[in-house]
Amino acid sequence: MGMTLGGIAAIGAGASLYAMKKSWDPLPSVISAGFTTVDLSPMDSGELRTVEWRGKPVYILKKSADMSKCADRDVQVGNDDYSVGVQICTHLGCIPSYIPANQVFKCACHGGEFDACGKNTFGPPPSPMEIPPFKIDGNKLVLGEEGPEYLRLVGKA
Amino acid sequence: MAEIKKADGLVDWLDQRIALRTLTKVLLTEYWIPKNINFLWAMGVVLAVLFKILVISGIFLMMYYKPDINLAFDSVNYTIMQEVEYGWLWRHLHAVAASAIFLVIYIHMFVAIYYGSYKRGREVIWLTGMLLFMTFSAAGFSGYMLPWGQMSYWAAAVITNLFGGIPLIGEELVIWIRGNFVVADATLTRFFMLHVLLLPLAIITIIALHFYALRVPHVNNQDGEILDFDAEADKYKAGNKKESKVIPFWPVFLSKDIFVLSAFLVGYFYLTFFHFNFAMDPINFDPANPMKTPAHIYPEWYFLWSYEVLRGFFFSSDLGLVAFGIANVIFLLLPWLDRSPVVAPAHKRKGFMIWFWLLIADLIVLTIYGKLPPTGINAWIGFVASITFLALFFALPFITKAEAKNASKGA
């Protein structure tokens, strides 16, 4: 009798906890807004664009011929090389701005610098800017989905 | 059931039904407090009053506050501050009390450490007290988010991001806590719920436990003397008030407490009316902007020491997070890290005295450097102070073990 009551109460408690957990989950509208699609075809060589993805700024830099390439971080779409990264300083979360003349990202907060590949080259940032999950779909870049190119870059595949 | 007779007044009527006279005795007139204490023992009552001020001012703020990212900032800075009559009063009372309550919590806590009031039967008082520190911290943090200014937003972003450091589930957990990939409307609304309902409810419950935990071991005294409370109470009740080492909570102890409370409130109201700005960060008067980080992010003063432990390991964010996690729970373990049975004020415990003041000094250094930008020499000072903090707690069992040995030799 006691066991039955306890068992049913435990099932009820478990179900309630599950419902509570699910109520705290992001809403479907939030999840579906978690993908950003960018058409790369109109971009000029050497041009930098910043798009918003999941509330964060993501830069896309189409590399010109005079820019150094980095095989471990560049994204190949067609015949062109792109550098893609979350434009947030890995030091304390400030947003570094791109200076085209020097081809560097400079952070105003504590003077950190990143090169055109998004690698930290100077100052306090401990690591390169993060590469957001992406998928290449023809000439389009879909941010938020993990494509094979992304998995190759982060070394998962 | 007891026989109900015709009552000779309201008190008697209630006494027959809810044992009012017995209740008054148990809670007030025959709840015994040692005589041998000083003004530092008044902090509990000061905290209870500050909490009441927070609840009352909070009720009035809640009537006009709007937990929506498009409305929150203006509902605080325009509606409450400009339109609502005396709205500024509630906001400044609330903000200054939130800051002051941490000052008094720290005093309360370090008085307990100094006089050894966390051991020999008083462990549950200590544990519930530390739980209150944690729930108050959560309440302070969730409340700071509500005005939805730049500091609100970025403090929320940085602190929720900390959970990302937890292995395996970290990234998912952050999104779950926020209800979005970034700090957003869902985050604001749920933290509003925590701030005005769940956390106050938890705090009130733990306060009740904290008070109850005092009943069996009783309040400690200045010399850590073990009192026979029943015998001392009998002396007091027999009229030997001078010889008795105890006084009743009401009216004797509270009359002294109310004096300390009044002195404290003079300072508190002075701050509320003339220096409320210390509790109002100017950066938080810019509306939240997810695309622009303020140049410096720092928490309110009472979180600076643990924030500096987090940043102290500037070369590894994982180590910093581990140290930060340890810093937040290590005080809970104090009754078990102290291996000595001696209950006495720190100035009568040689090694412990040095340990105590080193800890205070280290916490002050951490607090100061927590506010400064972590560049150059500052980063190294922060690192050394963080290591010192951890080392002090590592050393405590050895220091107190040595003391226990000496004490047993002496006896």
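Quantities reported herein were computed from a predicted structural model and do not represent experimental measurements. Note that these values count all heavy atoms, side chains included, but never hydrogens, waters or copies made by symmetry. Here is the naming used below: chain letters follow the sequence lines, and residue numbers restart at 1 for every chain.
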Just wondering, are more than 12 heavy atoms of other shown residues or ligands nearer than 6.0 Å to OH in B:Tyr78?
no
Which portion of B:Ile297 sits near chain A, non-hydrogen atoms under 4.5 angstrom
side chain
Can you tell me if CZ on B:Phe393 sees more than 12 non-hydrogen neighbours from other groups inside 6.0 Å?
yes
Quick check on B:Phe394: does its CZ atom have over 12 non-hydrogen neighbours (other residues, nucleotides or ligands) under 6.0 Å away?
no
For chain A against chain B, give me the donor-acceptor pairs closer than 3.5 Å, one per line with atom names and distance.
| from | atom 1 | to | atom 2 | distance (Å) |
| --- | --- | --- | --- | --- |
| B:Trp176 | NE1 | A:Lys21 | O | 2.9 |
| B:Trp176 | NE1 | A:Asp25 | OD1 | 3.1 |
| B:Arg190 | NH1 | A:Trp24 | O | 2.8 |
| B:Arg190 | NH2 | A:Trp24 | O | 3.0 |
| B:Thr293 | OG1 | A:Gly93 | O | 3.0 |

Tell me whether the count of non-hydrogen atoms from other residues, nucleotides or ligands lying under 6.0 Å of OH in B:Tyr369 goes above 12.
no
Within a 6.0 Å radius of atom CZ on B:Phe285, are there more than 12 heavy atoms belonging to other residues, nucleotides or ligands?
yes
If one checks every heavy atom of A:Pro57 against chain B at 4.5 Å, the contacting part turns out to be both
